[in-house]
Trainee: 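First the structure, which I've put down as structure tokens, then a few questions once you've had a look.
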Amino acid sequence: MARLLEVRRLETRFHTQDGVVHAVNGPSFYVDEGETLGIVGESGSGKSISMLSVMRLIPTPPGKITGGEVLFDGKNLLKLKESEMRRIRGNQIAMIFQDPMTSLNPVLRVSRQITESLQLHLGMSAKQARQRAIELLQMVGIPAAAERVDNYPHQFSGGMRQRVMIAMGLSCRPKLLIADEPTTALDVTIQAQIVELIKALQDEIGMAIIWITHDLAFLAGIADRILVMYGGQIMEQASVHQLYKNPRHPYTIGLLQSIPRLDERRHEKLQPIEGMPPDLVNYPQGCPFAARCRFVIDRCWSEDPQLESVGPNHAVACWVKPQGKEHLLSTAVTNDPSESLGRKANG
Amino acid sequence: MVNSTSFPGNPSLNTDNPTSPHSSQATLLRVENLKMHFPILRGLVFQRQVGSVKAVDGVSFAVRRGETLGLVGESGCGKSTTGRAILQLYRPTAGHVYFEGTDLTQLQGEELRRMRRRMQMVFQDPYASLNPRQTVGAIVGEPMTVFNVAKGKAQQERVKELLDVVGLSPSFINRYPHEFSGGQRQRIVIARALALNPDFIVCDEPISALDVSIQAQVVNLLEALQEQFGLTYLFIAHDLSVVRHISDRVAVMYLGKVVELADRDEIYQNPLHPYTQALLSAVPIPDPEVEARRQRIVLKGDVPSPVNPPQGCNFHTRCPLATDVCRHGLPPMLRDVGDGHFVACHLVS
Ligand SMILES: Nc1ncnc2c1ncn2[C@@H]1O[C@H](COP(=O)(O)OP(=O)(O)OP(=O)(O)O)[C@@H](O)[C@H]1O
Ligand SMILES: Nc1ncnc2c1ncn2[C@@H]1O[C@H](COP(=O)(O)OP(=O)(O)O)[C@@H](O)[C@H]1O
Ligand code: SF4
Ligand code: SF4
Ligand SMILES: [Mg+2]
Ligand SMILES: [Mg+2]
């Protein structure tokens with residue numbers, strides 16, 4: 001499959017009162033046409049800022065892209081003029097944000113917000129654009145779309161607003177859709193609706209998707225490939241099957257261990273990752289995960305490991321690269337659920 | 001130990017009370033037909049009520065001493081409002097809240113204050129619930145000051161003890177909230193909740209705002225504290241995997257009502273209400289092979305507004321099994337279908 005996006009050694013910094021925030025620290029990754037890339041990491045790990053850098057939407061100042069290349073369809077986006085970039089944004093690359101209220105304009109009718117980009121990018125007439133807007137709202141499952149199209153955003157529920165965002169994101173049939181936690185604020189039943197919708201639309205339009213989330217369990221059902229980010233760097237890159245079956249980075253292993261699973265017997269105790277995420281102002285030397293890592297060796301404190309291939313489509317940035325699966329099994333303390341049930345109630 | 005039959009003069013506590021049969025031995029808290037309706041007001045000078053938000057609309061359940069009752073449901077279904085109305089942070093529109101047999105809804109002033117000492121709440125957002133201008137010592141010590149339990153040196157000592165209990169260094173006592181991470185702030189909030197030795201804590205989404213890698217730390221802490229101090233929890237959350245981990249029993253809410261309540265393993269293995277079934281089928285499993293095989297029940301439509309909830313069964317607008325009875329008949333009652341498994345659905349017998 002053809003390469004659609006290739007990011008090389010991206011670096012983004014924020015200049016703040018407290019010092020320089022090292023938000024994105026050199027990740028390199030790619031997206032092929034039509035594939036779904038999941039990016040997972042906790043808050044502050046640099047997921048959103050990486051994507052906003054790709055879109056050239058970093059507020060400057062305080063932010064600045066200080067290094068790297070972003071090749072989209074062979075062009076380095078970081079070198080384009082803002083006017084050229086505007087033709088790509090929303091047209092070839094679209095982004096859906098976590099909080100629809102921050103990206104929907106509260107004082108404009110929904111119709112106006114969708115038709116604007118259709119007129120700008122596709123040169124539709126006002127009438128054509130309005131017709132298309134109604135079709136798009138129907139497509140994302142807004143009932144009575146012809147009437148609701150003239151509502152203001154606050155007249156929609158959270159789930160509906162998110163669907164309006166998706167309709168806007170897809171309006172110009174982008175080649176790449178960047179979805180930044182679009183379902184995090186929603187309930188699981190609405191999340192399931194949105195996921196089903198986006199998958200169906202992906203089949204129809206054939207676009208690639210970058211799906212950002214902090215929920216590793218969620219990506220298992222939708223991604224082809226996954227990047228695990230920590231401290232603005234990529235810790236592990238693997239196909240979806242490799243990542244869950246054979247995680248090789250201590251952080252990935254830690255994440256998988258710390259989330260309880262509905263389909264497994266209940267563990268007596270959760271296994272947290274001790275400690276806290278790194279301070280991005282005083283960025284640690286060596287491996288950013290060292291302070292929390294169970295496998296740490298001397299070398300980790302001084303030398304920052306680079307992504308290294310450990311198999312087909314599987315790379316890990318770690319000096320130790322423990323065998324994750326064995327570890328997952330050996331530390332799982334299972335317990336008969338029927339036994340533990342009476343324990344607390346009687347005790 | 002208080003027994004539900006020891007409330008003479010309370011006619012509603014007879015056998016057709018949905019939660020009485022199983023919880024009578026060790027009930028700490030009993031909620032009966034609790035309603036919390038918020039008025040919707042219009043007009044600037046002469047305000048008149050044009051409707052009401054039926055945030056909680058007839059909820060009944062009991063919490064046993066020492067257990068964790070999980071309360072799950074979609075955003076806006078009334079979980080937090082239920083928690084607040086139990087603690088009388090809102091005065092309920094209707095219904096009763098019995099704490100060790102005393103009806104909190106009937107208490108005022110000093111009497112209510114005395115009962116409140118024994119119940120605490122841990123909120124979702126550890127950033128919003130701490131005063132940025134107070135030191136950790138003042139924050140954790142505040143309930144002791146308010147209730148005149150300890151001051152000065154004695155209070156300081158107790159604060160240090162509490163910090164130690166929640167896994168923070170006692171030397172943090174003079175620091176300010178902004179110097180702490182989300183997980184540490186939630187520990188401060190928990191330390192404050194423990195200050196007066198409560199019996200009962202409402203944990204309202206205590207881990208939702210935390211980083212994934214930190215959530216398990218806080219869950220383990222809450223469990224350890226429960227064991228150590230014999231605490232009883234109402235654990236509100238929307239993450240069903242975490243609720244299964246921490247709860248002894250689980251109640252599922254939809255649009256202001258409890259639709260199902262059962263022992264943890266029972267509800268996860270044998271969900272009977274169509275809404276619970278959809279909810280469980282939507283929880284992601286971190287395994288692509290399992291995900292590829294799974295049958296998901298995807299509900300249609302949005303959660304209706306609690307201002308005008310649907311007639312009949314209020315889930316009928318999204319229920320894949322809805323019939324005419326569901327749409328036009330009386331709302332289904334929450335009833336015991338065996339072994340303390342309560343369901344509110346016409347199709348479940
Ligand atoms: N003070 C208030 N005035 C009016 N309506 C309110 C008030 N507090 C809550 N509500 C409404 O009551 C309903 C239930 O709210 P509640 O906060 O209990 O939901 P929840 O289940 O806790 O949701 P979440 O998961 O989003 O916290 C919502 O429709 C909410 O908008
Ligand atoms: N406008 C800003 N000013 C200063 N720091 C910022 C700004 N936006 C983001 N950051 C910092 O950049 C880091 C990465 O942020 P982000 O990419 O948003 O994380 P996430 O993975 O949660 O999406 C965080 O430490 C964040 O605080
Ligand atoms: S490089 Fe060292 S500290 Fe970093 S993850 Fe690997 S073992 Fe742990
Ligand atoms: S009563 Fe009817 S509408 Fe309500 S949950 Fe049961 S089947 Fe569905
Ligand atoms: Mg983000
Ligand atoms: Mg809430």
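Every chain is numbered from 1 and lettered A, B, ... according to where its sequence line falls, protein lines coming before strand lines.
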Trainee: Just how far is it from atom CD of B/Glu223 to atom CG of A/Leu270, taken to the nearest 0.5 Å?
Mentor: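 Between atom CD of B/Glu223 and atom CG of A/Leu270 there are 6.5 Å.
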Trainee: Identify which part of B/Val219 has an atom lying under 4.5 Å from any heavy atom of chain A, answering side chain, backbone, both or neither.
Mentor: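 Contact with chain A involves the side chain of B/Val219 alone.
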Trainee: What part of A/Leu219 lies closer than 4.5 angstrom to a heavy atom of chain B: side chain, backbone, both or neither?
Mentor: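 For A/Leu219, there is no contact with chain B at all, as no heavy atom is under 4.5 Å.
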Trainee: Who are the side chain to side chain contact (heavy atoms under 4.5 Å, CB included) partners of A/Asn282, not counting sequence neighbours?
Mentor: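 Testing A/Asn282 for side chain to side chain contact (heavy atoms under 4.5 Å, CB included), a comparison that skips the adjacent residues, returns A/Asp279.
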Trainee: Might you confirm whether atom CD of A/Glu147 has over 12 heavy atoms from other residues, nucleotides or ligands at distances under 6.0 Å?
Mentor: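 Atom CD in A/Glu147 is not packed in, count stays at 12 or less.
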Trainee: List the atom of A/Pro272, the atom of B/Asn220, and the distance in Å for their closest heavy-atom pair.
Mentor: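 Scanning both residues completely, I find the closest heavy atoms to be CD-ND2, 3.4 Å.
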Trainee: List the atom of B/Gln217, the atom of A/Glu274, and the distance in Å for their closest heavy-atom pair.
Mentor: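 It is NE2-CA, 3.4 Å.
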Trainee: Which answer fits B/Gln184, side chain, backbone, both or neither, if we ask what part of it has an atom under 4.5 Å from a heavy atom of chain A?
Mentor: side chain
Trainee: Against chain A, label B/Asp287 side chain, backbone, both or neither, depending on which of its atoms sit under 4.5 Å from a heavy atom there.
Mentor: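 Contact with chain A is through both the backbone and side chain of B/Asp287.
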Trainee: Of all of B/Ala292, B/Pro284, B/Gly183, B/Gly230, which one pairs up most often with chain A through heavy atoms under 4.5 Å apart?
Mentor: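 Top option by heavy-atom pairs under 4.5 Å: B/Pro284.
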Trainee: Please list, chain by chain and in numerical order, all residues satisfying side chain to side chain contact (heavy atoms under 4.5 Å, CB included) with B/Ser241, sequence neighbours excluded.
Mentor: A/Pro260, A/Leu262, B/Asp239, B/Val283
Trainee: Counting only N and O atoms by type, is there a donor-acceptor contact under 3.5 Å from the side chain of A/Gln193 to the main-chain atoms of B/Leu299?
Mentor: yes
Trainee: Show the nearest heavy-atom pair for residues B/Ile285 and A/Ala220, with the distance to one decimal.
Mentor: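 B/Ile285 and A/Ala220 have their closest heavy atoms at O-CB, 3.4 Å.
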Trainee: Could you check if a side-chain atom of A/Glu196 sits within less than 4.5 angstrom of a side-chain atom of B/Arg296, using non-hydrogen atoms only?
Mentor: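 Side chain of A/Glu196 against side chain of B/Arg296, heavy atoms only: no contact under 4.5 Å found.
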Trainee: Looking only at heavy atoms, which two atoms of A/Arg261 and B/Val290 are closest? And how far apart?
Mentor: NH2-CG2, 4.3 Å
Trainee: Roughly how far, to the nearest 0.5 Å, is the CD atom of B/Glu291 from the CG atom of A/Asp263?
Mentor: 9.0 Å
Trainee: Taking non-hydrogen atoms and a cut-off under 4.5 angstrom, which of residues 221-235 of chain A neighbour chain B?
Mentor: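 Contacts with chain B: A/Gly221.
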Trainee: Using non-hydrogen atoms only, which part of B/Arg294 is less than 4.5 Å away from chain A: side chain, backbone, both, or neither?
Mentor: neither
Trainee: If you take all heavy atoms of B/Ala282 and A/Ala192, which pair is closest and at what distance?
Mentor: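 Residues B/Ala282 and A/Ala192, closest heavy atoms: CB-CB, 4.2 Å.
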Trainee: Tell me every residue that passes side chain to side chain contact (heavy atoms under 4.5 Å, CB included) with B/Ser208, counting only those two or more places apart in sequence or in another chain.
Mentor: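 Side chain to side chain contact (heavy atoms under 4.5 Å, CB included) check on B/Ser208 returns B/Gln124, B/Glu205, B/His238.
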Trainee: If we define contacts as heavy-atom pairs under 4.5 Å, which of B/Leu280, B/Leu279, B/Thr232 has the most with chain A?
Mentor: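 Of the candidates given, the most pairs with chain A belong to B/Leu279.
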